[in-house]
A.B. asks: 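Take a look at this one; I'll ask things after.
Every chain is numbered from 1 and lettered A, B, ... according to where its sequence line falls, protein lines coming before strand lines.
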There are 2 protein chains.
Amino acid sequence: MRNRKKGYGCPEGCPVEGTLDVIGGKWKGVILFYLLDGTKRFNEFNRLMPGITKRMLSLQLKELEEDGIVHRQVYPEIPPKVEYSLTEFGRTLEPIISLMNEWGENYKEFLKENKRELK
Amino acid sequence: MRNRKKGYGCPEGCPVEGTLDVIGGKWKGVILFYLLDGTKRFNEFNRLMPGITKRMLSLQLKELEEDGIVHRQVYPEIPPKVEYSLTEFGRTLEPIISLMNEWGENYKEFLKENKRELK
DNA sequence: CAGGATCCTGGACGATACTG
DNA sequence: CAGTATCGTCCAGGATCCTG
């Protein structure tokens, strides 16, 4: 979703597009959801999201960091320790992520009730 | 974003992921944003989103329809007339889309203020 | 522990032409 | 007007192995 190369769908770039650019990666929504809960270490994410590879986790976290959403705190120890948290601005995403969480729940119910009609 | 084939990042499928599956296509956010404003015809979208092709518009609308978010009303006339609108359930997305729109605006400001630090 | 480096594949997306 | 049908590209995402 990031780095659209050929411009935007709306003239001047629709803000909704911009938002989806930031949170729309395959794992970013979930990462952000877990970060609402507080600081997390690299391997904690791996445990929380069994499907993700280290490579993807690293990439998505790096993008969120570059976008100013996530703060990366390195503790120069051995073994290494790195903590990820939301930046101040990243926290402004909380209402959106929370709403998306609620909506996702409701959507599951909606699908159950309509599985016949909606094939 | 749709039809994840290899399961979900969180066990049992994180609701946030499910939501992004529905609204996370390249054009869906914008399409939904314009639909908040009211019913739209096929070519109206084309005018509103100069970048999209008919093929992509058709595909994304079809997915939103299959997901129960968008209603497609066909008027059997010549020339054809088709109107797209949000379903009742689709309208429950309004708070999310609106928030994403606001957040996107704020994010642009945020980027301006921090263009030095955030490279 | 927290990643980086490589290699590879499928499917999202696009360009273009055609149609009822 | 509102799409479909083909064909082609490209890169997000994954598998695997390596490292300070």
A.B. asks: Considering all heavy atoms of both residues, which atom of B/Val22 and which atom of B/Lys28 are nearest to each other, and what is their separation?
C.D. replies: O-CD, 3.1 Å
A.B. asks: Rounded off to whole Å, could you give me the NZ-to-C1' distance for the B/Lys40 and D/dA2 pair?
C.D. replies: 17 Å
A.B. asks: Please tell me whether A/Val74 and A/Leu64 are part of a single hydrophobic cluster in this structure, the criterion being side-chain heavy atoms less than 4.5 Å apart.
C.D. replies: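 They do share one cluster, since a chain of ILVMFWY contacts under 4.5 Å joins A/Val74 to A/Leu64.
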A.B. asks: Quick one: list whatever passes side chain to side chain contact (heavy atoms under 4.5 Å, CB included) with B/Glu83, sequence neighbours left out.
C.D. replies: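 With neighbours one apart ignored, the set is B/Thr39, B/Arg41, B/Gln73, B/Tyr75, B/Lys81.
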A.B. asks: In whole Å, what is the span from the CG atom of A/Leu57 to the P atom of C/dA2?
C.D. replies: 10 Å
A.B. asks: Would the distance check show the side chain of A/Thr19 and the main-chain N or O of A/Pro15 forming a donor-acceptor pair, the cut-off being under 3.5 Å?
C.D. replies: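 Here the side-chain-to-backbone pair exists.
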A.B. asks: Nearest-nucleotide wise, let me know which of A/Tyr84 and B/Met56 is further upstream toward the 5' end of DNA chain C.
C.D. replies: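 Its nucleotide being nearer the 5' end, the pick is A/Tyr84.
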A.B. asks: Please report the end-to-end axis angle for the helix from C/dC1-D/dG20 to C/dG20-D/dC1, five pairs per end, rounded to 10 degrees.
C.D. replies: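 Its terminal axes enclose an angle near 60°.
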A.B. asks: For A/Ser98 and A/Leu36, work out which heavy atoms get closest and say how close.
C.D. replies: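 Looking at all heavy atoms of both residues, the closest pair is OG-CD1, 4.0 Å.
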A.B. asks: Considering only NZ, NE, NH1 and NH2 on the basic side and carboxylate oxygens on the acidic side, decide whether B/Glu44 and B/Arg47 come within less than 4.0 Å.
C.D. replies: no
A.B. asks: Describe, in one word, how the ring planes of A/Tyr84 and A/Phe42 are oriented to each other, choosing from parallel (under 30°), tilted (30 to 60°) and perpendicular (over 60°).
C.D. replies: tilted
A.B. asks: What is the distance, to the nearest angstrom, from the CG atom on B/Leu48 to the C1' atom on D/dA2?
C.D. replies: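 From B/Leu48 CG to D/dA2 C1': 16 Å.
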A.B. asks: Rounded to the nearest 0.5 Å, how far does NZ of B/Lys62 lie from CG of B/Leu57?
C.D. replies: 11.0 Å
A.B. asks: Counting heavy atoms from C-beta on, name the nucleotide in C/dC1, D/dG14, D/dA2 closest to the side chain of B/Val82.
C.D. replies: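 The answer is D/dA2.
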A.B. asks: Starting from P on D/dA2, measure out to CD1 on B/Ile78 and report it in whole angstrom.
C.D. replies: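 Value for this atom pair: 13 Å.
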A.B. asks: Over all heavy atoms of both residues, which pair between B/Phe33 and A/Cys14 is shortest? Give the atoms and the distance, please.
C.D. replies: CD2-SG, 4.2 Å
A.B. asks: Without decimals, in angstroms, what is the distance between B/Met49 CE and C/dG14 P?
C.D. replies: 11 Å
A.B. asks: What nucleic acid atoms does B/Phe45 come within less than 4.0 Å of, heavy atoms only: base, sugar-phosphate, or nothing?
C.D. replies: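 Result for B/Phe45 = nothing.
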A.B. asks: Examine B/Phe89 together with A/Trp103 and report whether their ring centres are nearer than 6.0 Å.
C.D. replies: yes
A.B. asks: Verify the contact: side-chain N or O of B/Gln60 to OP1 or OP2 of C/dC13, cut-off strictly under 4.0 Å; return yes or no.
C.D. replies: yes
A.B. asks: Rounding to a whole Å, what distance do you find between A/Ile52:CD1 and C/dA2:P?
C.D. replies: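 So the CD1-P distance, A/Ile52 to C/dA2, works out to 14 Å.
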A.B. asks: Would you classify B/Tyr75 as touching base, sugar-phosphate or nothing, given that sugar-phosphate means primed atoms plus P, OP1 and OP2, and contacts are heavy atoms under 4.0 Å?
C.D. replies: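 Nothing, no nucleic acid heavy atom in range.
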A.B. asks: Grab the N/O contacts between the protein and nucleotides 4-6 of chain D below 3.5 Å, and write none if there aren't any.
C.D. replies:
unit_1	atom_1	unit_2	atom_2	d
D/dT4	OP1	B/Lys62	NZ	3.2
D/dT4	OP2	B/Ser58	OG	2.8

A.B. asks: I want to check one thing: is the phosphate of C/dA2, taken as OP1 and OP2, less than 4.0 Å away from some side-chain N or O of A/Arg41?
C.D. replies: yes
A.B. asks: In whole angstroms, how far is the P atom of C/dA12 from the CG atom of A/Asp21?
C.D. replies: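 These atoms are roughly 18 Å apart.
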A.B. asks: Nearest heavy atom decides the nucleotide; on that basis, is A/Pro80 or B/Leu61 closer to the 5' end of DNA chain D?
C.D. replies: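 On the 5' side of the pair lies B/Leu61.
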A.B. asks: Expressed in angstrom and rounded to an integer, what is the separation of B/Asn43 atom CG from D/dG3 atom P?
C.D. replies: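 For the pair B/Asn43 CG and D/dG3 P, the rounded distance is 9 Å.
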